[in-house]
Amino acid sequence: MTEVPEPQTAAVAMPPLLNRELAILGFNRRVLAQAQRPDVPLLERLRYITIVSSNLDEFFEVRFADVLDAARAADSEAAWRDVSATAARAHALADEQYRIFNTEVMPALRRHGIEIINHAERTPAQKAWVARFFEREVRPLLIPVGLDPAHPFPQVANKTLNFIARLGGRDAFGRESTIAIVKVPRVLRRVIRMPDEVCAPGQQGFVLLSSVIRAHLQELFPGRTVESFSQFRVTRDSDLDVDEEDVTNLRQALRRGLTTRQFGKAIRMEVVATCPPELSKLLLDEFDLPEAALHRVDGPVNLVRLTQLIDQVSPVPGVDLTFPPFEPGWPERRLPRGKDFFALLRERDVMLHHPFESFDPVVEFLRQAVNDPDVLAIRQTIYRTGAKSELMDLLIEGARRGKEVMAVVELKARFDEEANINWAERLEAVGAQVVYGIVGLKTHAKLLLVTRRESGGKAGPRLRRYVHLSTGNYNPRTARLYTDVGFLTADPGITADADAVFQQIASLTRVKPPRHLLTAPFVLHRRLVRQMAEVAEAARAGKPARIVAKFNALTDPGLIQALIAAGQAGVKIDLIVRGACMLPPGLPGLTENIRVRSIVGRFLEHTRVIYFRWGEGEDDEVLYLSSADWMSRNMFRRIELAWPVNDAKLRQRIIDECLVPYLHDAQDAWEQLPDGQYRRVGESGPSAQQALMRRHAAQIGRGG
């Protein structure tokens with residue numbers, strides 16, 4: 001896997017690329033639009049609002065923090081103009097989010113008896129219950145901090161709920177200290193359901209913790225008057241600043257970094273709309289933030305926590321408040337339950353399409369490997385597997401049984417660092433070999449390799465490998481929420497390449513370049529550019545030429561240039577890009593042969609599929625599945641994989657399930673316009689995700 005120089009793309013007329021940050025915010029606007037759809041159940045509409053809040057938090061913690069750093073480094077008018085435009089778009093999105101929450105979703109829930117009741121609306125019985133709750137559950141955990149030279153502004157952790165209050169009168173020592181801070185512990189529930197006996201018949205009444213504290217804030221300051229107050233919440237830069245070249249133990253350095261992440265540089269300040277200007281200015285000064293970083297919100301400063309309301313709502317007779325249950329099934333006919341996986345894979349490859357098909361076969365594959373005495377070695381990459389994981393427990397059990405277990409644990413998987421560190425330590429404790437990838441590169445490839453001793457006839461025993469590759473993480477929970485493809489094979493070429501990948505990650509030595517797998521940062525980018533050039537050449541020769549690709553983001557300039565060059569050569573190109581896309585489609589004479597659409601539905605689109613056709617014959621096409629998005633970081637700063645699907649039937653199945661339905665979706669699809677805006681294709685008609693749910697439910701009903 002020797003690094004090769006990038007090929008030179010033919011000269012092409014390039015339009016200006018779209019702004020990446022605005023494209024990310026545009027995706028979240030499409031997610032927010034789900035909260036306005038009348039065909040989406042009400043609690044699911046609320047869930048989409050919470051998803052946007054979570055996404056905006058991460059946007060500020062990561063992307064906007066980088067934008068600010070870049071602007072400070074450039075210190076140019078253009079750079080600061082981009083910062084202002086991005087901040088304004090983010091403000092507008094948040095404002096729209098609260099408008100939908102306040103004027104559409106919550107009134108609709110109230111009509112079904114589900115309501116968040118503020119202090120002014122509470123009945124005497126409800127106020128009495130809230131008072132008792134405050135005294136019993138909340139007040140013992142609150143310690144206000146009055147500010148003076150001996151009591152500086154307390155450390156405020158990232159994304160925590162806090163109150164600031166201006167006090168009248170004198171303190172216990174006769175001084176006029178006027179400002180106090182109340183930090184709200186994370187252990188307290190943010191949404192509390194009141195008992196039915198204090199609610200009207202048929203009413204499900206909820207109170208927010210912030211409202212409970214607000215109603216009793218005065219009681220925290222006996223002898224003084226609360227003259228003004230506000231909730232506030234600080235969002236901080238959450239990238240871990242670890243110099244990998246300058247540390248001797250990456251795990252220890254990251255664990256130290258996790259303790260300081262909560263107190264990184266402030267990026268955004270959220271306060272309620274009624275926050276007095278003098279208090280908001282004090283907060284901005286304290287956290288060294290400009291006025292543009294202030295977000296006044298019309299409601300609670302953290303809508304993410306409203307998932308707690310969704311979890312507590314009881315069913316309402318005759319009303320579908322959530323999506324109908326969907327239980328992914330085991331494809332019994334193609335993969336008989338209880339079948340020896342190794343015998344089956346010696347006969348044929350197996351594809352699993354999640355979440356329409358269960359993730360359980362992947363777990364069972366690993367379980368059989370752990371329990372099989374003939375399995376000698378298990379190797380797996382770990383990116384986002386979760387704090388609780390049956391797969392990790394099985395790896396630990398495999399090591400206990402004496403198998404050679406190697407885990408490539410990506411410690412820098414953002415916001416999963418602590419869970420991955422914990423798994424690494426548990427694996428090492430039972431003798432597993434744990435490595436942390438390559439310095440400077442995240443290991444994002446999804447790969448599970450099993451080596452087994454088998455009979456070789458007269459030649460005696462031999463070793464055979466089996467591999468699972470995936471477009472998504474080894475996480476059974478997200479496998480029910482994200483669309484992904486898993487691929488199981490005993491193909492000698494692919495499994496040998498997978499072994500070479502593990503060998504290089506562990507040993508850091510040069511190995512023979514893979515013949516079947518495309519790997520980043522070595523050949524993946526170059527091969528994709530070359531493949532697009534070959535398709536373009538076919539188009540110029542008058543042959544059928546087609547590119548259809550599905551991934552989560554398109555931001556790499558080199559791949560965008562190759563796509564535009566192919567389109568200008570006459571190739572018809574369809575791109576299904578869930579999130580940020582910097583390529584402006586549909587520009588006459590430039591990108592008129594390129595169509596971009598985004599699918600936002602019940603499940604998060606996560607599958608990466610790449611299809612090229614450059615002729616009429618069966619050998620004039622190739623389809624790759626991949627762990628990589630088309631971003632520079634994936635191509636050059638991560639360990640990534642793409643692999644070909646050589647079986648014609650499986651290749652057609654992937655085309656039929658992962659590409660064609662999405663190109664014809666007329667319900668969850670958005671079409672990208674040349675200026676980067678999106679237009680919803682329709683409100684009725686086929687939905688790819690719904691069609692796939694029906695298709696697989698029918699197949700399971702027929703035995704898989």
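Quick caveat: nothing in here was measured; it's all calculated off a predicted structure.
- No salt bridge links Asp497 with Arg515; every basic N to acidic carboxylate O contact stays at or beyond 4.0 Å.
- Of the N and O atoms on the side chains of Gln667 and Gln690, at least one donor lies less than 3.5 Å from an acceptor on the other residue.
- Side-chain contact check for Tyr383 and Glu410: no donor-acceptor pair (N or O, by modelled atom type) lies under 3.5 Å.
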(request) Would you check, one step at a time, whether the test salt bridge (charged side-chain N to carboxylate O under 4.0 Å, His left out) holds for Arg29 with Glu96? (result) CA-CA 9 Å; Arg29 184 63 190 84; Glu96 178 69 0; 3.5 Å; yes

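- A side-chain donor-acceptor contact under 3.5 Å links Ser687 and Asp668.
- Checked by atom type and distance alone, the side chain of Gln568 pairs as donor or acceptor with a backbone atom of Leu590 at under 3.5 Å.
- Relative orientation of the His606 and Tyr482 rings is tilted, given thresholds of 30° and 60° on the angle between their planes.
- Formation of a donor-acceptor pair under 3.5 Å by the His525 side chain with backbone atoms of Pro521 is not found in this model.
- Using modelled atom types, one finds no donor on one side chain facing an acceptor on the other under 3.5 Å when comparing Thr483 with Gln689.
- Taken to the nearest 0.5 Å, the CG atom of Leu575 stands 12.0 Å off from the OG atom of Ser598.
- With contacts defined as side-chain heavy-atom distances shorter than 4.5 Å, the pair Pro513/Phe522 does not qualify.
- Across every non-hydrogen atom of Arg384 and Asn473, the tightest pair is O-CB, 3.3 Å.
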(request) Using the side chain to side chain contact (heavy atoms under 4.5 Å, CB included) rule, take Gln36 and Ile100 through it: C-alpha gap first, then chi angles, then the decisive distance, then the call. (result) CA-CA 7 Å; Gln36 296 180 279; Ile100 295 169; 3.4 Å; yes

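- When only modelled atom types and interatomic distance are considered, Thr235 and Arg268 share a side-chain donor-acceptor pair under 3.5 Å.
- Trp614 places no side-chain N or O within 3.5 Å of a backbone atom of Ala533 that could act as its donor or acceptor partner.
- The heavy-atom pair separating Thr555 from Ile560 by the smallest distance is C-CD1, 4.0 Å.
- Each salt bridge (charged side-chain N to carboxylate O under 4.0 Å, His left out) pair with one or both residues in residues 588-604, not counting sequence neighbours, appears once here: Asp574-Arg595.
- Of the candidates Asn646, Asp349, Thr495, Thr489 forms a side-chain hydrogen bond (donor to acceptor under 3.5 Å, both in side chains) with just one, namely Asp349.
- Using cut-offs of 30° and 60° for the angle between ring planes, the Phe487 and Trp643 rings count as tilted.
- For the pair Asp556 (side chain) and Met631 (backbone), a donor-acceptor distance under 3.5 Å is absent.
- For Ser627 and Thr471, the side-chain atoms include no donor-acceptor pair closer than 3.5 Å.
- Listed for the Thr381 side chain is a donor-acceptor partner under 3.5 Å among the backbone atoms of Leu447.
- Side chain to side chain, Tyr678 and Arg680 fail the donor-acceptor criterion of an N or O pair below 3.5 Å.
- The stretch residues 570-599 participates, sequence neighbours left out, in no ring pair (Phe, Tyr, Trp, His ring centres under 6.0 Å) pair at all.
- Counting heavy atoms from C-beta outward, Ile655 and Val609 have side chains that stay 4.5 Å or more apart.
- Val485 has its side chain out of reach of Ser470: every pair of non-hydrogen atoms, C-beta onward, lies at least 4.5 Å apart.
- Residues satisfying the salt bridge (Lys or Arg N to Asp or Glu O under 4.0 Å) criterion with Arg30, sequence neighbours excluded, are absent altogether.
- Listed by chain and number, the residues in a ring-ring contact (aromatic ring centres under 6.0 Å, His included) with Phe359 are His354 (sequence neighbours excluded).
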(request) Any chance you could lay out the side chain to side chain donor-acceptor pair (under 3.5 Å) test for Glu640 and Ser626, step after step, and finish with the verdict? (result) CA-CA 8 Å; Glu640 300 274 18; Ser626 180; 5.7 Å; no

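- Pairs of residues two or more places apart, or lying in two chains, that qualify as salt bridge (charged side-chain N to carboxylate O under 4.0 Å, His left out) and include a residue from residues 12-23 are Glu21-Arg63.
- Under the ring-ring contact (aromatic ring centres under 6.0 Å, His included) criterion, Phe64 pairs with Phe60, not counting sequence neighbours.
- Take Tyr474 and apply the ring-ring contact (aromatic ring centres under 6.0 Å, His included) test, not counting sequence neighbours, and it matches His468.
- Between the side chain of Thr50 and the main chain of Thr307, no donor-acceptor pair closer than 3.5 Å is present.
- Nearest heavy atom pair, residue Phe326 against residue Pro355, reads CE2-O, 3.4 Å.
- In this structure the side chain of Leu604 never reaches within 4.5 angstrom of the side chain of Ile51, judged on heavy atoms.
- Residues that satisfy the ring-ring contact (aromatic ring centres under 6.0 Å, His included) test with Phe612, not counting sequence neighbours, are absent from this structure.
- With Trp630 as the partner, the ring-ring contact (aromatic ring centres under 6.0 Å, His included) test is satisfied by one option alone out of Phe551, Phe636, Tyr624: Phe551.
- Under a 3.5 Å cut-off, the side chain of Lys572 and the backbone N or O of Gly570 do not form any donor-acceptor pair.
- Applying the salt bridge (charged side-chain N to carboxylate O under 4.0 Å, His left out) test to pairs two or more places apart or on separate chains, those with a residue in residues 644-653 are Glu357-Arg653, Glu621-Arg651, Arg653-Glu657.
- Arg480 is linked by a salt bridge (Lys or Arg N to Asp or Glu O under 4.0 Å) to Glu327, counting only residues two or more places apart in sequence or in another chain.
- Aromatic rings from Tyr466 and Phe365 are positioned such that their centres are separated by 6.0 Å or more.
- The two residues Trp330 and Leu335 make their nearest non-hydrogen contact at NE1-O, 2.6 Å.
- Considering only residues two or more places apart in sequence or on other chains, Asn475 meets the side chain to side chain donor-acceptor pair (under 3.5 Å) condition with none of them.
- Atom NE2 of His91 has more than 12 heavy atoms from other residues, nucleotides or ligands within 6.0 Å.
- Here Met14 contributes atom CE and Gln561 contributes atom CD; the two are 5.0 Å apart, rounded to the nearest 0.5 Å.
- Around the CG atom of Asp619, the shell of radius 6.0 Å holds no more than 12 heavy atoms that belong to other residues, nucleotides or ligands.
- With 3.5 Å as the limit, one finds no donor-acceptor pair spanning the side chains of Asn634 and Asp629.
- Under a 3.5 Å cut-off, the side chain of Asp620 and the backbone N or O of Gly617 do form a donor-acceptor pair.
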For residues 577-589, dump all side-chain donor-acceptor pairs below 3.5 Å to protein atoms at least two apart in sequence or in another chain.
from   : atom 1 : to     : atom 2 : distance (Å)
Arg578 : NH1    : Asn552 : OD1    : 3.4
Arg578 : NH1    : Glu605 : O      : 2.7

(request) Apply side chain to side chain contact (heavy atoms under 4.5 Å, CB included) to the pair Tyr48 and Leu32, showing each step before the final yes or no. (result) CA-CA 6 Å; Tyr48 282 115; Leu32 185 58; over 6 Å; no

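- Sparse packing is recorded around CG of Asp320, with 12 or fewer heavy atoms of other residues, nucleotides or ligands lying under 6.0 Å away.
- Residues Leu641 and Thr519 meet the side-chain proximity criterion, which asks for heavy atoms closer than 4.5 Å.
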